[in-house]
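Worksheet: the structure to be examined is printed underneath.
Every chain is numbered from 1 and lettered A, B, ... according to where its sequence line falls, protein lines coming before strand lines.
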Amino acid sequence: MGFLITTLIFLVVGIIASLCVRICCNRGPSTNLLHLTLVITATICCWMMWAIVYIAQVNPLIVPILSETE
Amino acid sequence: MGESRGGGCCPPMDLMRSETMQLVQLIVPMESAHLTVSYLGDLGLVQFKDLNSEKSPFQRTYAAQIKRCGEMARKIRFFKDQMSKAGVLPKESLEKESDIDLDDVEVKLGELEAELVEINANNDKLQRSYNELMEYKLVLQKAGEFFSSAHRSATAQQREIESEDSQQAGDDLLESPLLQEEKSIDSSKQVKLGFLTGLVPREKSMVFERILFRATRGNIFIRQTVIEEPVIDPSSGEKAEKNVFVVFYSGERAKSKILKICEAFGANRYPFSEDLGKQAQMITEVSGRISELKTTIDAGLGHRDILLQTIGDKFELWNHKVRKEKAIYHTLNMLSLDVTKKCLVAEGWSPVFASNEIQDALQRAAVDSNSQVGSIFQVLRTKESPPTYFRTNKFTSAIQEIVDAYGVAKYQEANPGVFTIVTFPFLFAVMFGDWGHGICILLATMYLILREKKLSSQKLGDIMEMAFGGRYVILMMSLFSIYTGLIYNEFFSIPYPLFAPSAYDCRDASCSEATTIGLIKVRDTYPFGLDPVWHGTRSELPFLNSLKMKMSILLGVSQMNLGIIMSYFNARFFKSSVNIWFQFIPQMIFLNSLFGYLSVLIIIKWCTGSQADLYHVMIYMFLSPTDELGENQLFPHQKTVQLVLLFLALVSVPCMLLPKPFILKKQHEARHQGQSYAPLDETDESLHVETTGGSHGHEEFEFSEIFVHQLIHTIEFVLGAVSNTASYLRLWALSLAHSELSSVFYEKVLLLAWGYNNVLILILGIMVFIFATVGVLLVMETLSAFLHALRLHWVEFQNKFYEGDGYKFAPFTFIFTANEDE
């Protein structure tokens, strides 16, 4: 559940970022496409990293064993 | 092969492919040539081809002009030298340079140089006389002391002798001092004594004395005194330690020997008279002349400084003008002279979008030079490969340079720079992940960016220059590092539960098994990033290593897939369907049926929490694919799926290797079947000018060469699939190193210092911590992660699609870098 919600959040942030970039630096169709590509790539990279770390912790095979000097 | 233009598949994107370039031919009448080249240089969008490459530099049309410019540049360098010696700085010029004329500048430079050289020569002469007079003065003083002390002792002795005389008659009166020659009693032994005074360098004084003694067989008397301060030697102009000497000799032969020895030793001689009155007179005279000379020299230096100031005012202006003219003449030398000798023909590469601007510049030049005819602008068709030109701004130019450092893109092939802008800082951040360190780097680079204007006009050192040039890349790196630092949950290696409490807790209220069996997961997964409980636990490394290794594989497979997809875009653009069917598709199938499958297995294992051993699964997929999987089964029918994937991978390898050479051969034959005769030149010529380098006619087609090339490509891809995937594990390795170093510095330096409860030790600990963090983590680790991220891009990403054997567009422009002094 948490996974889907956060994925949606990433999607929304990505869309907002693309819109912001389109609004503030609108410089012709080819440049706009470049900016869009960059924003999408960045969003996908960030989402992928978050998703990997999240999914790895959902069903852990190893649990934390505290060290003795605590 | 190269001419086919594509681009219909996807909408055009900035920076993805090189700008379209065209070969243009300009026909310029002689009188407007200079102005035309000057305006085109201002525009900076034409790369001229050298049409006179067979001629030597002396045979070219404008060789004389270049020599002229070279002379002027030499004079300017001379001025710069003189100005720096005198400590005068050239001022920033505020005038517009189009107002000055080259001939005027040349004349002015010649005059100023002559004047400066004359002033310098006079100055040297005056300085030399001044130094000689100073030496003379010293000689007069010191030698005067000898003589006066000798005189005193002589008179004292004389009085003594006279007082004894009454007692002892017939004493040897030859004991009287040498000076009083008129008192020599024995007239038969009357000898003419002469003396010489001068200065000799102190190192040579002993040798000087000895040689004089030997040369004159001991018949001289020499006295030396030391001069305390060093004296400026007139001939060399430097300070030297010297002694004053007086040599007494008898006879002409001795005198000539002594003179020769003095010359050999560089001992300067000065005339000296014994008469006390004359001595005093000489001293006053010399002192007078010295002070006169001093005022003259000062006046001379003042005059020179004024001259240098006037030069300094106009220096930058002249310098720029001369360099500009030299560049223009070099370019004019590249144009070829038409047969009628009335116009020059230029060929060059320029972007298509600049056609209007170029034609505009040509028109302006024709009008400004009052020529009767205008210039002609013509586009030529050629099979030569054009240079590659990307229009970058200050943000994208740094990344483009990084990509170009590996190889400049072939004309119109896909530019990896587009994705590198994001993926390079991202992969750096995966290896660097610590949001405390990220903030430090962000602050440093914000300083560089906010002071951009000021720093770009200054001259920085080499290292600062590189850091300043890459400031936007470093900005991106720091932003992504803050993000990955939040995900890894490391702030100078300290984790914080920023987004929710930790998901793990003790099994029961007493927490007795926390150090043996461990905690259990009681709440929902920590929502953003790594759970903060892990830091410092005993099982931290097994968990993190497994996580980071799997993450590296997933990121690596994604980036490699992106690379192969880029090759698909290239194939679409160049309309090469053989590349799509027999390169792109087999490559995708091979990579994804093996490592894509591994990625899917990783995700399934995480999602289901299965305990399957993925190493075992992958290895036995190859070794014994028909075996039962048993407890390593992750999903139903896994064995069948594995067999199918293995089969696909095996089939795709010959698909990559065999069809393409045969198809290329068929294509080549089809193209040249109906053409037994070589086609005529396609280029349109209205003048008797050849287009250089047009390789028309059919290319060579060596089947064996193509086959071997394809074989190498296939082997490289197949073996590379394994090695490149493993290479991405460096993401894990460096990130582990970073977090371990960071945690060592924190625990063993800062916490240790804190434990002593002593303020001094604490301050010392903080200093060491700061130096270690900045030196090792912020500088060394940054460079290391930068390098490895770069390698991942250059090798693992780009070898899937990039050819990089083009050449860069280098337009003729007047923007000189500071150290371009020829």
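- For the atom pair CG of A:Leu38 and CG of B:Leu15, the computed distance is 8.5 Å after rounding to the nearest 0.5 Å.
- Counting heavy-atom pairs closer than 4.5 Å to chain B, the top residue among A:Asn59, A:Thr37, A:Ile65 is A:Ile65.
- Nearest heavy atom pair, residue B:Gly536 against residue A:Ser67, reads O-OG, 3.2 Å.
- Chain A forms the most heavy-atom pairs under 4.5 Å with one residue out of B:Phe426, B:Phe528, B:Tyr488, B:Phe543, and that residue is B:Phe426.
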Cut-off 3.5 Å, no hydrogens considered: what does the side-chain donor-acceptor table look like for residues 49-58 of chain A, sequence neighbours left out?
{"residue": "A:Trp50", "atom": "NE1", "partner": "B:Pro527", "partner atom": "O", "Å": "2.9"}
{"residue": "A:Gln57", "atom": "OE1", "partner": "B:Asp531", "partner atom": "N", "Å": "3.0"}
{"residue": "A:Gln57", "atom": "NE2", "partner": "A:Val53", "partner atom": "O", "Å": "3.3"}
{"residue": "A:Gln57", "atom": "NE2", "partner": "B:Gly529", "partner atom": "O", "Å": "2.7"}

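- Between A:Ile62 atom CD1 and B:Trp534 atom CH2 the span is 6.0 Å, to the nearest 0.5 Å.
- When all heavy atoms of A:Val63 and B:Arg507 are compared, the pair lying nearest together is CG2-NH2, 4.5 Å.
- Among residues 39-46 of chain A, the residues having any heavy atom closer than 4.5 Å to a heavy atom of chain B are, in sequence order, A:Thr41, A:Ala42, A:Cys45, A:Cys46.
- Against chain B, the residues from residues 4-23 of chain A that qualify, each with a non-hydrogen atom under 4.5 angstrom away, are A:Phe10 in number order.
- Ranked by non-hydrogen atom pairs under 4.5 Å with chain A, the options B:Thr516, B:Val430, B:Asp524 are led by B:Thr516.
- For residues 601-611 of chain B, a heavy-atom distance under 4.5 Å to chain A picks out B:Lys605, B:Trp606, B:Cys607, B:Thr608, B:Gly609, B:Ser610, B:Gln611, given by residue number.
- If you measure heavy-atom distances from B:Leu486 to chain A, you find no contacts under 4.5 Å at all.
- A:Met48 approaches B:Ser558 most closely through the heavy-atom pair SD-OG, 3.6 Å.
- Between A:Pro64 and B:Ser539, the closest heavy-atom pair is CA-OG, 3.3 Å.
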